[in-house]
Every structure is written in C-alpha cells, then in structure tokens.
*Asks:* 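Before we start, here is the structure in question, set down as structure tokens.
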Number of protein chains: 2
Amino acid sequence: MRRRECEAWQLLQELLRAHRTFLPMLVAEYELSPAQWHVLQLIAPDEPLPMGELARDLACDASNVTGLVDRLEARRLVERRAAPHDRRVKVIALTRQGGALRARIAARLAEPPGPIARLSAFERRQLSAILRKALGS
Amino acid sequence: MRRRECEAWQLLQELLRAHRTFLPMLVAEYELSPAQWHVLQLIAPDEPLPMGELARDLACDASNVTGLVDRLEARRLVERRAAPHDRRVKVIALTRQGGALRARIAARLAEPPGPIARLSAFERRQLSAILRKALGS
DNA sequence: TATTGTTATACTCTATAACTATA
DNA sequence: TATAGTTATAGAGTATAACAATA
C-alpha cells in the first residue's frame with residue numbers, strides 16, 4: 001500500500017470531525033432531523049420535485065422518502081401535489097411555512113463558523129480559489 | 001439579519017455535501033455503521049477507553065454506547081474489561097482483529113479524494129497553512 | 001447520595017420485498 | 001411489462017426514564 005499522507009486532507013478531515021454535530025444540532029433547534037432538512041434544502045421554492053428525484057438526490061431508497069415526506073407534510077412544511085402528465089407521480093412542494101423555515105435555516109448555515117471567521121480576508125480569498133479548483137468549478 | 005456571505009465557507013459546505021456519502025459507503029464495505037466506525041476510531045490500540053468517555057466523545061447518550069459496544073463485541077472487534085480502580089467502570093479495548101480493521105480503514109481514509117488530489121503540491125501547502133490557522137493549531 | 005453502565009421504551013432513518021395504481 | 005409511490009417488516013441509531021451495582 002502506497003504512502004500518500006496529505007496534510008491538507010488530514011486537516012480537512014479534522015475540520016469535518018469538529019463540525020460533525022454542527023448541522024444536526026442546528027436543525028434540531030427547529031425539530032428537524034438532518035434527513036428532513038436535506039429534503040427541505042433540495043426543494044427550491046416554486047420548483048416542486050417528484051419523490052423519485054428526491055430519492056435519487058438523497059441517495060436513499062424511495063420507501064424512505066414516503067416517511068420523510070409524511071412527517072414534513074404533517075407539519076405543513078411541504079405538500080404532495082399530483083403531476084399533470086403522469087398520474088403515478090407526486091411532486092413535493094414547499095408550503096409558505098416550509099419556504100420560510102428553509103430560508104431561516106439557510107441563513108444561519110451561511111454564517112461562517114468559528115474556524116473560518118478566524119481567517120483574514122486574504123486567506124479566505126486564497127481558500128476560495130483553492131476550493132474552486134478542487135471542486136472543478 | 002446581517003449579510004455575511006463567505007464564499008470560502010459556501011465552497012467548504014459544497015465539498016462536505018459532495019462527500020456526504022463517502023465515509024458511510026467506505027465503512028459499509030466492512031459492514032460497519034458510521035457510529036461503529038467512530039467508536040473504533042476513538043479507541044487507540046493499547047489504550048482502552050471507559051464507556052463514559054466514549055459517550056462524551058461521541059456526543060451521545062451513554063445508553064447508546066451499550067448497544068454500539070454490544071454489536072462490536074459480538075464481532076470480536078472490541079472487548080469489555082473491568083477497570084481495576086472502580087468496579088462500576090468498564091473499559092473498552094480493541095481486539096487484535098479490531099486493531100487490524102481500524103488500521104485498514106484508517107489507511108483508506110488517509111488517501112486524498114479526487115478534489116484534493118486535483119490540487120498541485122503548492123496549493124496543498126497553501127491549503128494546509130490556512131487550515132492550520134483555522135483550526136488554531 | 002451520586003455515578004456507571006444497563007434495560008425498557010419510543011421515534012427516526014435506513015433497506016428489502018411485496019403491493020397498488022398507473023403507464 | 002415496467003414504473004412511481006406505498007406499505008410491511010426488520011435492524012440500527014438516537015433519547016429519556018427507571019434500574020442495579022458500586023462509590
């Protein structure tokens with residue numbers, strides 16, 4: 001097995017570990033599980049998504065999506081709608097409440113956490129440039 | 001609400017999302033859940049850890065640790081040992097098998113993934129320097 | 001009395017398989 | 001026949017509360 005130690009990757013993993021509980025704790029304040037938040041996040045306002053696409057994007061079985069959407073719908077955060085062209089399909093849309101909650105949580109997630117806030121503007125620009133290349137965008 | 005967009009943080013979150021399923025899928029190859037892997041990772045070879053400390057490090061309730069250790073012990077990856085000084089305490093130790101599996105998985109995790117491998121040596125050094133500062137080390 | 005670990009219970013997430021209603 | 005979503009079932013992770021053994 002080749003030795004391919006990479007300090008940058010080690011540190012990145014360390015950062016991930018440090019932030020392991022960050023998202024779960026944040027969304028728990030709104031009584032959402034990480035999976036439920038993921039659903040909310042995937043549905044853009046005014047762009048309902050078929051359940052099958054949700055399952056694909058969540059990388060989970062379709063049967064899970066039924067339960068996730070059940071619980072979100074019970075809280076009136078999303079709603080199932082009939083698709084016009086194919087009556088087997090149900091598209092999931094954000095309700096007004098759902099959209100508002102999604103926006104509120106997204107705003108909080110956009111706040112850079114301690115370790116990032118600690119960087120200078122110059123370092124952040126460097127970091128951005130490197131990450132853009134890493135992500136190939 | 002203040003506008004505090006931070007591109008570096010946005011990109012970092014994008015990287016996290018892209019890697020969301022990476023660890024779960026990797027450890028699933030060894031029939032471990034992420035939580036079980038976390039336990040294995042926390043126990044250094046020859047440094048058994050009390051269950052209470054595991055619960056603290058995992059940031060979960062002590063009652064969970066019972067089940068996690070039950071399943072790992074059933075596979076002979078860890079074992080419960082009596083603590084000499086306090087008979088209430090049980091310390092969890094890696095077995096030889098457990099240590100070997102832990103090392104194998106750790107080696108695979110140390111391999112930098114695609115996005116990092118795509119960077120030049122210079123960019124990785126820059127990234128390391130920035131992350132070291134972010135992590136305060 | 002306080003603490004460590006366990007048990008009992010309940011809920012969510014996850015997968016597989018069988019089912020329904022459409023196509 | 002094939003596909004979209006559901007239901008039934010089972011296992012794992014999580015929390016809370018009650019409990020036993022020990023301190």
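Naming convention: chains lettered A, B, ... in sequence-line order (proteins, then strands); numbering from 1 in each chain.
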*Asks:* Using atom CG of A:L32 as one end and atom P of D:dT14 as the other, report the distance to the nearest whole Å.
*Replies:* 18 Å

*Asks:* For B:L68 and B:S63, take the nucleotide of DNA chain D holding the closest heavy atom to each; which residue's nucleotide lies nearer the 5' end?
*Replies:* B:L68

*Asks:* Checking side chain to side chain contact (heavy atoms under 4.5 Å, CB included) for the pair A:Q41/B:R17: CA distance, chi angles, key distance, verdict?
*Replies:* CA-CA 12 Å; A:Q41 192 183 36; B:R17 275 194 294 278; 3.8 Å; yes

*Asks:* Look at all strands and tell whether B:D86 reaches a base, only sugar-phosphate, or nothing, counting heavy atoms closer than 4.0 Å.
*Replies:* sugar-phosphate

*Asks:* B:A35 side chain: which of D:dA15, D:dT14, D:dT6 is closest?
*Replies:*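 Nearest to the side-chain atoms of B:A35, counting from C-beta on, is D:dT14.
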
*Asks:* Among D:dT6, C:dC13, D:dA4, which is the nearest nucleotide to the side chain of A:R88?
*Replies:*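 Nearest to the side-chain atoms of A:R88, counting from C-beta on, is D:dA4.
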
*Asks:* With respect to the side chain of B:R80, which nucleotide from D:dA12, C:dT6, D:dA15 is positioned closest?
*Replies:*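 It is C:dT6.
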
*Asks:* Once you round it to whole Å, what is the distance between P of D:dG5 and CG of A:L54?
*Replies:* 9 Å

*Asks:* What is the distance, rounded to the nearest whole Å, between atom NZ of A:K90 and atom P of C:dT22?
*Replies:*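 Interatomic distance, NZ of A:K90 to P of C:dT22: 10 Å.
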
*Asks:* Hey, which of these two, A:G67 or A:H85, hits DNA chain C nearer its 5' end, going by closest nucleotide?
*Replies:* A:G67

*Asks:* Rounded to whole Å, how long is the line connecting atom CD of B:Q36 with atom C1' of D:dT14?
*Replies:*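 Result: 14 Å.
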
*Asks:* Considering non-hydrogen atoms only, spot the tightest contact between B:A59 and A:T21 and give its length.
*Replies:* CB-CG2, 4.2 Å

*Asks:* Please give, in whole Å, the distance from D:dT9 P to A:D61 CG?
*Replies:*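 Spelled out: CG on A:D61 to P on D:dT9 is 17 Å.
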
*Asks:* Roughly how many Å is it from CE in B:M25 to C1' in C:dT14, rounded to a whole number?
*Replies:* 15 Å

*Asks:* Run A:F22 and A:L109 through side chain to side chain contact (heavy atoms under 4.5 Å, CB included) and show every step you take.
*Replies:* CA-CA 10 Å; A:F22 177 73; A:L109 286 173; 4.1 Å; yes

*Asks:* With sugar-phosphate meaning primed atoms plus P, OP1 and OP2, does A:T66 contact a base, only sugar-phosphate, or nothing at under 4.0 Å between heavy atoms?
*Replies:* base

*Asks:* Just how far, in rounded Å, is C1' of D:dG13 from CG of B:L58?
*Replies:*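 Value for this atom pair: 11 Å.
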
*Asks:* Under 3.5 Å, is there an N or O donor on one side and an acceptor on the other linking the side chain of A:R87 and the base of C:dT22?
*Replies:*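 No, the side chain and the base share no sub-3.5 Å donor-acceptor pair.
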
*Asks:* Could you tell me which non-hydrogen atom of A:A117 sits nearest to which non-hydrogen atom of A:P112, and how far apart they are?
*Replies:* CB-O, 4.3 Å

*Asks:* Of the options C:dA17, D:dA4, C:dC13, whose atoms approach the side-chain atoms of A:V89 most closely?
*Replies:* D:dA4

*Asks:* With A:E7 as reference, evaluate B:R124, B:R132, B:R125 under the salt bridge (Lys or Arg N to Asp or Glu O under 4.0 Å) test and give the passing residue.
*Replies:* B:R132

*Asks:* CG of B:L72 versus C1' of D:dA12: gap in Å, rounded?
*Replies:*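 Computing the B:L72:CG to D:dA12:C1' distance gives 12 Å.
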
